[in-house]
Amino acid sequence: MALAYLAVDPVRAARRLLGAVIAGRAVSAVVVEVEAYGGPVGGPWPDASSHSYRGPNLRNSVMYGPPGRLYTYRSHGIHVCANVVCGTDGVAGAVLLRAAVIKAGVETAVLRRGVGVATTALARGPGNLCSALGITLDDNGIDLFNPESAVRIRLRKCSGAVAGPRVGVSKAADRPWRLWLPGYPEVSAYRRSPRAPTPGRSD
DNA sequence: GGTAAGATCAGC
DNA sequence: CTGATCTTACCT
């Protein structure tokens with residue numbers, strides 16, 4: 001059962017999610033960039049930039065559930081971002097889907113993103129990825145391994161991943177928990193958060 | 001009941 | 001670098 005491959009720490013789960021095929025609403029794509037997010041203080045993978053750092057609440061409850069579920073949230077009041085929950089049931093952890101290569105339904109993705117958007121930019125960036133795949137806040141908590149779900153994922157074997165610091169986070173900014181497959185123009189350019197403290201701290 | 005911060009993105 | 005826009009959490 002492929003689901004068991006996600007019942008591990010977020011960084012390993014992130015590595016296993018690269019190359020996976022995510023099927024959204026009439027659009028499917030191969031995941032080429034992800035970020036790992038850990039859990040609360042005192043948990044196995046404390047992570048100050050994770051939504052679950054301060055314990056369970058209304059927004060992050062899905063992160064504490066079983067692996068293989070979809071965790072969506074609204075970012076900056078504008079965009080929707082999608083995570084795949086990892087770790088065992090009861091332990092918070094998730095992998096943010098940052099970029100993907102559209103494999104089917106390009107026309108639909110273009111309609112959602114806007115005519116004139118470059119093909120390689122359709123699902124570049126977590127907000128754009130959700131937009132292109134038609135993932136919404138209402139999809140929060142759905143089982144990505146249930147064939148009945150509106151959004152599904154299939155894990156594929158994959159190698160050659162590289163790692164670097166996460167994009168946009170203001171805490172634990174130097175932790176190399178962003179993983180991607182090199183050579184894809186779909187992978188977003190690295191931008192450090194303007195709110196992040198001086199580089200090189202071990203946070 | 002008010003307010004600040006934020007795992008983003010596009011456009012100057 | 002900035003503004004847009006909204007949800008949550010945490011305070012009083």
Side-chain angles (χ1 to χ4, degrees), chain A residues 6 9-11 13-15 17-18 22 29 31-41 43 45-65 69-87 92-100 102 109-110 112-141 144 163-180 185-197 199 201 203:
Chain A
L6 298 180
D9 71 87
V11 178
R15 199 169 284 276
L17 279 163
L18 285 174
I22 179 157
V31 177
V32 293
E33 182 191 359
V34 295
E35 272 175 6
Y37 285 89
V41 208
W45 325 291
D47 177 9
S49 70
S50 172
H51 288 165
S52 54
Y53 191 54
R54 285 150 202 250
N57 57 41
L58 200 59
R59 176 174 65 163
N60 67 23
S61 62
V62 175
M63 286 184 72
Y64 286 81
R69 302 223 295 217
L70 184 67
Y71 166 49
T72 58
Y73 68 92
R74 186 172 299 285
S75 173
H76 290 263
I78 300 181
H79 303 101
V80 176
C81 295
N83 297 251
V84 178
V85 174
C86 65
V95 177
L96 174 68
L97 304 179
R98 287 200 57 91
I102 310 282
V110 167
R112 289 183 180 136
R113 293 276 292 113
V115 182
V117 174
T119 309
T120 55
L122 287 173
R124 176 164 60 208
N128 293 336
L129 186 150
C130 284
S131 169
L133 293 186
I135 297 173
T136 73
L137 280 188
D138 291 335
D139 295 320
N140 189 37
L144 292 167
R166 292 178 289 190
V167 171
V169 297
S170 59
K171 297 167 194 141
D174 296 310
R175 194 180 285 197
W177 279 16
R178 168 177 173 244
L179 305 183
W180 68 94
E186 285 82 0
V187 172
S188 44
Y190 172 64
R191 294 181 309 285
R192 186 180 183 86
S193 168
R195 294 175 289 281
R201 307 192 345 173
D203 257 32

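The basis for the numbers below is simple: all heavy atoms, side chains too, and nothing from hydrogens, waters or symmetry mates. In what follows, chains are A, B, ... by sequence order, proteins preceding strands, each numbered from 1.
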Applying a 4.0 Å non-hydrogen cut-off, can you work out what Asn128(A) is touching in the nucleic acid: base, sugar-phosphate, or nothing? sugar-phosphate
Separation of dA4(C) C1' from His76(A) NE2 (nearest whole Å): 11 Å
Ignoring backbone atoms, establish whether His51(A) has a side-chain N or O less than 4.0 Å from OP1 or OP2 of dA7(B). yes
Across the strands shown, which category fits Arg178(A) at heavy-atom distances under 4.0 angstrom: base, sugar-phosphate, nothing? nothing
Between OH of Tyr37(A) and C1' of dT8(B) the distance, given in whole Å, is 11 Å
Candidate nucleotides dA7(B), dA9(C), dT8(B), ranked by approach to the side chain of Ser75(A) - the nearest: dT8(B)
With a non-hydrogen cut-off below 4.0 angstrom, is Ser49(A) in contact with a base, only sugar-phosphate, or nothing? base
In whole angstroms, the gap separating C1' of dC10(C) from CZ of Arg59(A) amounts to 13 Å
Ile22(A) and side chain to side chain contact (heavy atoms under 4.5 Å, CB included): which partner among Leu70(A), Val84(A), Val31(A)? Val31(A)
Whole angstrom is fine here: how far is it from OH in Tyr53(A) over to P in dA9(C)? 17 Å
Could you please name the option among dT5(C), dA9(C), dA10(B) that lies closest to any side-chain atom of Ile78(A)? dT5(C)
Rounded to whole Å, please give me the gap between NE2 in His79(A) and C1' in dT5(C). 10 Å
Closest non-hydrogen atom pair between Val95(A) and Ala14(A), with its separation: CG2-N, 3.7 Å
Can you name the closest pair of heavy atoms from Asp47(A) and Tyr53(A) and give their distance? O-CD1, 3.2 Å
Closest non-hydrogen atoms of Ala99(A) and Glu186(A), given as atom of the first, atom of the second and distance, are CB-O, 3.2 Å
Quick one: look up who dT5(C) pairs with, Watson-Crick or G-U, both distances under 3.5 Å, and put none if it's unpaired. none
Please give me the minimum heavy-atom distance between Asn57(A) and His51(A), naming the atom from each residue. ND2-O, 4.4 Å
Reckon Asn57(A) has a side-chain N or O less than 4.0 Å from the OP1 or OP2 of dT8(C)? no
Testing dC6(C), dA10(B), dA7(B) for proximity to the side chain of Arg74(A), the answer is dC6(C)
When all nucleic acid strands are considered with a 4.0 Å heavy-atom cut-off, which category describes Arg166(A): base, sugar-phosphate, or nothing? nothing
Spacing between Leu137(A) atom CG and dT8(C) atom P, to the nearest angstrom: 8 Å
What integer distance in Å separates Asn140(A):CG from dT8(C):C1'? 13 Å
Which nucleotide wins on minimum distance to the side chain of Arg54(A), given the candidates dA7(B), dT8(B), dC10(C)? dC10(C)
Does Arg98(A) place a side-chain N or O at less than 4.0 Å from the phosphate oxygens OP1/OP2 of dT8(B)? yes
